[in-house]
Every structure is written in structure tokens, then in C-alpha cells.
Participant: 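What follows is a structure written as C-alpha cells; I'll ask about it next.
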Amino acid sequence: MAGCRGLLCCCCRWCCCCGERESRTPEELTILGETQEEDDEILPRKDYESLDYDRCINDPYLEVLESMDNKKGRRYEVVKWIMVFAIGVSTGLVGLFVDFFVRLFTQLKFHVVQTSVEECSEKGCLALSLLELLGFNLTFVFLASLLVLIEPVAAGSGIPEIKCYLNGVKVPGIVRLRTLACKVLGVLFSVAGGLFVGKEGPMIHSGAVVGAGLPQFQSISLRKIQFNFPYFRSDRDKRDFVSAGAAAGVAAAFGAPIGGTLFSLEEGSSFWNQGLTWKVLFCSMSATFTLNFFRSGIQFGSWGSFQLPGLLNFGEFKCSDSDKKCHLWTAVDLGFFIVMGVIGGLLGATFNCLNKRLAKYRMRNVHPKPKLVRVLESLLVSLMTTVVVFVASMILGECRQISSASQSGNDSFQPQVISEDVNASIKTFFCPNETYNDMATLFFNPQESAILQLFHQDGTFSPITLALFFTLYFLLSCWTYGMSVPSGLFVPSLLCGAAFGRLVANILKSYIGLGHIYSGTFALIGAAAFLGGVVRMTISLTVILIESTNEITYGLPIMITLMVAKWTGDLFNKGIYDIHVGLRGVPLLEWETEVEMDKLRASDIMEPNLTYVYPHTRIQSLVSILRTTVHHAFPVVTENRGNEKEFMKGNQLISNNIKFKKSSILTRAGEQRKRSQSMKSYPSSELRNMCDEHIATEEPAEKEDLLQQMLERRYTPYPNLYPDQSPSEDWTMEERFRPLTFHGLILRSQLVTLLVRGVCYSESQSSASQPRLSYAEMAEDYPRYPDIHDLDLTLLNPRMIVDVTPYMNPSPFTVSPNTHVSQVFNLFRTMGLRHLPVVNAVGEIVGIITRHNLTYEFLQGRLRQHYQTI
């Protein structure tokens, strides 16, 4: 294995596949989108906003809880199940739309060109046929490129972006209605245009957009269409529906509802529970059977027969009745499957290596230029692909004998349909009767038909044809993925791998003499090996392929092949989706940290420079903080002073803050007083006597308890510092890192909403006079809250005071400065947090941890710094 690694590194040195990481200082990690000249590695960017899966338990939310009863709770759950069903049905209908028009345009194109080829083969005008094919393909690809110019996020498969969303990162524009329209129409034209792309990957993205948008009942693209639908106005609900939509996309693409559920779980969903599993599976089932119902009825006229479960149907694997020695697979074949897994992992690593290099080249030389250059690149790739397909089909193919078994058919309806599809897609260009052109049969067909040929065609394919087809398809699909067109990678990878597996079967049959081998099985294993080597998925991909083949006996060989392919590929680089996530600089969190990271504590990785607000803060201070920072949350704090009573006499604003701190600090004596008061409400006279005796022996209220003394220990006050002042660069170290009692977190969106709605009070009034907002009013602008720079705040008096305490989250998750990084990471990822305050033993906030403090690159930098200080 070490020799393979060295060989692959030598072959791909220019691709930067397995070069060692150069050392970086921690400061470099904070630079936005910085790259290094040595290894040209893109570091995680800090302008990505995180989703907040944690609930904000503030006063408006508590009011909703108080009004909630079992009846309303059941109604909410019923509405959620209805929405999940609607997402599944809608995703299935989107898949039906794409499949119908792709099939329509593809059949029209191949019918016109094939008729022209048959006529021109006798008249010698094949150049005219090539021009016709170019006209179709260039037109379709041009339309697909224009749609991506309208919405750039619609390019590619969308799986990396959805993986980021499920991981907790908000990618701008990824789940908008305009993105869905451009994605669906774009993938329709790019597949019909003959590019080596698939429609299955974009189906996952489309399902996720449906899941994100449908429960909102509003869209920024259709502002006039709005419904008063008060449910699901939070990142928590939206992310659950996106998980269900992505799973429904997989289920519709492959007819694999269980595989779709596992895909949504495996590829990024950080928070998961049993209830969500049931909803996601139900959504996937709804999408599968919706698509199956309509496709079966449209294509075969048998409504309700459910014969076509997904967009990609592998058909039934079955040995010919005339071949008594044939078996789908035997125990001896497992050794060949393992070797194929190793080769598939190496091929997948090479594919990823080349595609990463191409993506970096596009980022440096194509994307900075005018958008027309992206369209020209797409047209160039379409031109090259069309010429290669046409020339290879006409010149490089061999005439092969049509097997009699493929003409006989079978008894059952489903195998008969597959057999007819395989026979109908045979191309006989320049070949005599009873023979077919093997290269044209693979190239001059839709990709799904070519996969069925490799899986089920009993006639042989020439080893030279398979080798040439694999090489050309490998290079062109690698060039195509990452262009400015909607494009999937599943089908091209399956087709490449199927050609590889069929080539291995031909070699074993013809040159080694293993007559029991079933070529379709080796084509399937080759497809799994190459696809696993490219995308590095194991659990979900195993189940997807088993469900697609409808053959449970393939479970063991598929699982072993995928594991071996993943392990082999991971020796050299990451999966293709993780590579493109890294190229975008998205701060993605893996499942767990490395073992050596536990040498770090929360205090080693936290951000100690805090921008905070006070419980009662002037409007001018809030506006200054919001306009001079980009933080999405702010700790609500009060200062610890030794002479607070003097401050309470001089300034009403400071007095309000100090009173809030006094009332919010929980002491043992105060808690016991509360319990004693509540016990007085009981009718028992014994309880009254016990409470009275306890209160009589209690210490005087004026005497402060031990915790209060600790909070006010040894710190001298800062007489020139007022809560309505913004942080200054002239502050000393003691002023900048003063002791601050932590009371809660408030989001930027919440502060902006309070300012927009004029929630404030004057200094001459009590804070009780401040207007109160309901939960629905606070969430009305979700998910696109106003920008502070776009607001006209001239009508607000800058000296007015905002009481933020009713709207902050008083009980967020917190960690101690001594918490190990693995514990911090697990808490942050599994609970789907956005911010994690670091609070010491006496309730003082000392720092805050965000997603960027837990990325692999940041932790590596801090670990190197830790080693240097030892």
C-alpha cells in the first residue's frame, strides 16, 4: 500500500494531492479566504454564518409555551407531518418534470441525428450529421449556462452546499426559489445537451430547496404571494425540513427511500433523533411512490402498477436460463471484488486530484473574468464532448454479435421491460445484420441506457472498446464537473465504473477462463468501486445500490467494495464533495476531532476579545456596535464593581443594570427564601411554622453571601466607563478584559428587530413602560432580517434605552475554560450550536467559541502553538 501511495503521489504531484501541509501561524487562519503560495490551500473563511439549532428560551418564547397545551401540541405535530408529506410529493413531481423533458429532448435529438447518420452513411455526408448534433448540444448547454449566470449557486450538483447546510452553515442563496428554478431547468438542458453529467445529484439539491421553502409559504422571489402561516419560523425547523427534502431527492433519484434517509444522516446532519428519522423516511417514501406512480402511468399506461421506482433503474440481475454454470457471485469472487475496490479507490483519488486542480485553475483564471468566459468554457467542453462522442461512435467501435439470449425475453413483466430497453438502445452504425456497434451503443445513448447495456447486455463488448470508453469518459467527466452548469456526478461515476467492471469481467472470462462469472455483477461492483472512490460514502451508498438493484444478495460484496475503495482513497485525498467544500472555504465540522486535539482546552481556542451589550443600553451604543462589528451574537453582561451603591445614586442607566445583576444572581440563601415563600402557600400549619422558624434564624438580607463576595472580589471600579460607551482602542488591558458577569446571549437579528420596531424607553421612565413584542413579531422577518446599514433610524432618539433582557437567551449552553476540546466539539456539533460562551466558576464570561474556532485548520494552528509553549 505504501508503494501505491508513492506511485500515486509521483503521478499526481502537480495536482497537490498528497503534499504535506506547510506550517502556518494561527494569525493566518483568521484572514478571509487566504491562500498559501506553497501548497495553494484555501483556509476556512469567516464570513459564513452558522445556523442556530438551539432554541432561544426568552420571554416571547415562554409566552408561547404558557399558551401551549396538549391539543395545540398535537396540532403542531400533525401540521409537521402534513408538510413532510407535501415535501415528498413535491420533490417527486420535480423529478417527474426533469425526467419527462430530458427524455423528450434526448429522444428528439437522437432520432434526428440517428436518421441523418443512417442516410449520410450511404451518401458520405457524415459532417452534416455532426453539425446537427453540435447544434442540439451547443444550444442546450448555452441555455444551461445562461441559467447559472442568473443564479450562480445553481452550478454543480449542489450536494456540497446542502452538506454544509445540514452541517449547520448558512450558504447564501442555496435554498431560494430562484435557485430551484435555475437548477431544475439548467440540469434539464445540461443532460439533454450531451454533457457527461447526471440529474440525480441536482435532484438532492432540488429536494432540499423544496424542503426549505414549502413550509415557509413565502418567497423573496415572489414577494406578493404570502400566507399567514405562523409555523416553522426558526432555523431548527427549517433544517429538519431540509434534511427531509434532501433525503426525498435521493429517494426520487434512485428509488431508494431508506438510502435517502441514511444519506441525510451520513452527509452532515449534526442533530438527529428518532422523531426526525420517521419524518425523513416518510418523506422519502412519499417522493419515491409519487415519482413511481406517475412515471409508470406515463410510460406504460398502467396507472398504479409502480414499475419504475426512481429516475435511475438498474433493472433485475439474473443469469440466463441456458447458462447452468452462471452464478451472480460466489465466495471466490470476493477476492476480485476487494482488488477492484483498491483499484476503484486509486482511480477515484486520481479523479478527485485532477478535478481539484481544474477547480483551482477555474477560480484563478475563469471566475475573476467576465461571466461570458464561463459560458464560453461550457460551450468549449460541449464542443469537445460532442466531437469525441461522434468520432468514437463512428470510427473506434467494433461490430459485435447480438446474443440470442438478449432477444428471447423473460416471463415476468419487469425483466421484459428491461430487456426491451436494452435491445432498443443497441446501435448498428456501419455494422451488418445481427451485429451492433459496441462503442456507438455506449456513447450514442442516454447515460442510463448505457448503464443498462453494461449491466444486462449478454453480448460482449470489446476490451479495447471498454478501455477507450472508460478513458475518454473519465477525462471528459472530470473536466465537466465544476463547470458553470448544473451537473451531477453519480451517473457519470457509475458509468465509468461499470465500464471498468465489465472490462475486468471480460479479462477474467477470456484470458483466465473463469466461465462462471456473471458480467453484470462485475459491472455493478466496478460502478460501486469507482463511485465509492470518488464520493467516499459508505453506509448510504451501500443501501442506495442495494435498493436500486432490488437484490439483497449483493449487500455483502457492495459493502466490502465500498469500504475498501474509501479506505484506499482516503490515503491520498478527501472525497470530491469535501474537496469542493474546502475550495469554497466553508467551515465544515467533521464527526469528531483527532485524539491529539484533547491536549487543548476551551481557554486555548476561545475568542477572548468580546463585544458585549448591557441589559439596559442606549440606542446610540447599540447602533454603534451593530454597525462597527460583524458578530451575529453578543453576550449580555454587567460589570463587577466593589462600590456599586455609589454608582446606583448617580446614574439611572447604571442603576438599572446593577439592579438587574442583583436580581439575576442566584444565591443559596435567595433560593431558600423563594422555596420558603412557596411553601407558605400550602395549608399545613406545620409547614408555616417550619418556614417561620427558618426565616427567623436566617441571616439578615443586607449581609451578602459568599458567592456575592466572590463576584465583587478585589476589582477596582472604572469611574469613567459607562454602559452607553462603545469599546475604545485606547482602553488599557485591564479595561478591555474587565470582569463581566454573564447573563445571556442576544442575536444581532433580535437587536435589529428591537430597533426597527422602536422597543425602548426613556431615562425618565421605568423599563416596564417599554413596548413588548410577541414571538410572532420577533420572527416575522425570518429568515432575512433587515441589515442595520439599510435602516433609517433618524426617528429614534439616540439617548433612549433598550431593555434587552426579555429577548435574550438567559440559559444558553456554556462550558468551563478547562473543558477539553473533544467535549467542546461534541457539544457544539451534536446540539447544532451557533455560539458557545466560556464562563468561569464565578459566572464571569471569559470568551466565546464559534464554528470557526473548531475547524481542523484552526485547531491545528492552536496545537502547534501549544507545542511551542511547552
Side-chain angles (χ1 to χ4, degrees), residues 26-27 29-30 44 46 50-57 167-169 236 269-273 587-612 631-638 640 664-666 707 710-711 713 736-747 808-870:
E27 288 74 20
L29 297 170
T30 61
K46 300 191 72 174
S50 296
L51 298 169
D52 198 353
Y53 203 79
D54 186 26
R55 288 192 177 95
C56 180
I57 314 294
N167 193 258
V169 182
R236 184 185 186 92
S269 293
S270 56
F271 186 89
W272 205 264
N273 57 40
L588 195 73
L589 299 184
E590 301 296 336
W591 281 102
E592 56 187 11
T593 60
E594 295 182 353
V595 177
E596 62 178 353
M597 295 301 176
D598 250 357
K599 299 175 182 178
L600 300 174
R601 307 292 180 98
S603 57
D604 297 322
I605 65 172
M606 69 182 185
E607 175 56 53
N609 295 302
L610 300 175
T611 303
Y612 47 84
H631 305 309
H632 295 288
F634 304 92
V636 180
V637 301
T638 51
N640 295 336
S664 63
I665 294 297
L666 180 66
L707 178 59
M710 293 175 65
L711 287 172
R713 68 193 186 284
R736 183 174 296 278
F737 298 99
R738 65 183 56 80
L740 302 168
T741 301
F742 178 70
H743 299 289
L745 272 179
I746 190 162
L747 301 178
M808 71 179 184
N809 184 2
S811 54
F813 288 95
T814 60
V815 292
S816 164
N818 295 321
T819 308
H820 288 276
V821 162
S822 62
Q823 296 172 290
V824 175
F825 187 91
N826 292 335
L827 175 64
F828 195 97
R829 194 187 191 285
T830 55
M831 299 309 301
L833 303 182
R834 189 177 183 181
H835 307 89
L836 185 59
V838 182
V839 181
N840 64 16
V842 293
E844 297 170 353
I845 184 170
V846 294
I848 197 166
I849 295 174
T850 64
R851 170 176 296 271
H852 302 278
N853 302 104
L854 295 172
T855 58
Y856 175 82
E857 291 78 6
F858 187 90
L859 293 178
Q860 280 288 337
R862 292 305 172 120
L863 188 61
R864 282 193 294 270
Q865 196 177 47
H866 172 76
Y867 285 142
Q868 292 172 1
T869 57
I870 295 179

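Side-chain atoms are counted along with the backbone in the values below, which use heavy atoms only and exclude waters and symmetry mates. Residues take their numbers from the sequence shown, with the count starting at 1.
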Participant: Of all the heavy-atom pairs spanning N809 and I57, show the shortest one and how long it is.
Facilitator: OD1-N, 3.5 Å

Participant: Working to the nearest 0.5 angstrom, can you tell me the gap between L745 CG and F634 CZ?
Facilitator: 10.5 Å

Participant: For D52, which residues count as a side-chain contact (heavy atoms from CB on, under 4.5 Å) partner, sequence neighbours excluded?
Facilitator: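 So D52 forms a side-chain contact (heavy atoms from CB on, under 4.5 Å) with D54, D235, L747, R834.
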
Participant: Taking side chain to side chain donor-acceptor pair (under 3.5 Å) as the definition, give me every residue that meets it alongside D598, ordered by chain and number, with sequence neighbours left out.
Facilitator: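 For D598 the side chain to side chain donor-acceptor pair (under 3.5 Å) partners, ignoring immediate neighbours, are S822.
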
Participant: Quick check: closest heavy atoms across Y53 and R236, and the distance to 0.1 Å?
Facilitator: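 Looking at all heavy atoms of both residues, the closest pair is O-NH1, 2.8 Å.
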
Participant: Would you give the length of the straight line joining atom CD of E596 to atom CG of L859, rounded to the nearest 0.5 angstrom?
Facilitator: 10.0 Å

Participant: Which atom names give the shortest non-hydrogen contact between P837 and P812, and what distance separates them?
Facilitator: CG-CG, 4.5 Å

Participant: Applying side chain to side chain donor-acceptor pair (under 3.5 Å), can you list everything that pairs with S811, at least two apart in sequence or on another chain?
Facilitator: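 For S811, no residue satisfies side chain to side chain donor-acceptor pair (under 3.5 Å) once neighbours in sequence are set aside.
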
Participant: Which residues satisfy the side chain to side chain donor-acceptor pair (under 3.5 Å) test with T814, sequence neighbours excluded?
Facilitator: none

Participant: Quick one: side-chain contact (heavy atoms from CB on, under 4.5 Å) partners of T855, sequence neighbours excluded?
Facilitator: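 Once residues adjacent in sequence are excluded, the partners of T855 under the side-chain contact (heavy atoms from CB on, under 4.5 Å) criterion are P44, P587, E857, F858.
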
Participant: Only counting residues at least two apart or in another chain, list the ones meeting side chain to side chain donor-acceptor pair (under 3.5 Å) with T819.
Facilitator: none

Participant: Identify the two heavy atoms, one from F828 and one from I849, that lie closest to each other, and give their separation to 0.1 Å.
Facilitator: CE1-O, 3.8 Å

Participant: Where do A633 and H835 come nearest, in terms of heavy atoms and distance?
Facilitator: CB-CE1, 3.2 Å

Participant: Taking all heavy atoms of V846 and all of P817, pick out the closest pair and write down the distance.
Facilitator: CG2-CG, 3.9 Å

Participant: Looking at CZ of F742 and CD1 of I848, how far apart are the two atoms once the value is rounded to the nearest 0.5 Å?
Facilitator: 7.0 Å

Participant: Set out, in order, the CA-CA distance, both residues' side-chain angles and the distance that settles side chain to side chain contact (heavy atoms under 4.5 Å, CB included) for H820 and M597, then state yes or no.
Facilitator: CA-CA 8 Å; H820 288 276; M597 295 301 176; over 6 Å; no

Participant: Got a donor-acceptor contact below 3.5 angstrom from the N840 side chain to the G843 backbone?
Facilitator: yes

Participant: How far does CD1 of I746 sit from SG of C56, to the nearest 0.5 angstrom?
Facilitator: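 That separation rounds to 8.0 Å.
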
Participant: Calculate, to the nearest 0.5 Å, the distance between atoms CG and CZ belonging to N167 and R851 respectively.
Facilitator: 5.0 Å

Participant: Hey, is the main chain of E592 close enough, under 3.5 Å, to the side chain of R829 for a donor-acceptor pair?
Facilitator: no

Participant: I want to check something: taking the side chain as every heavy atom from C-beta on, are E607 and H852 in contact at a cut-off of under 4.5 Å?
Facilitator: no

Participant: Can you tell me how far OG1 of T850 sits from NE2 of H631, rounded to the nearest 0.5 angstrom?
Facilitator: 9.5 Å

Participant: So, using salt bridge (charged side-chain N to carboxylate O under 4.0 Å, His left out) as the criterion, who are the partners of R601 when residues are at least two apart?
Facilitator: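 R601 satisfies salt bridge (charged side-chain N to carboxylate O under 4.0 Å, His left out) with no residue once adjacent residues are dropped.
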
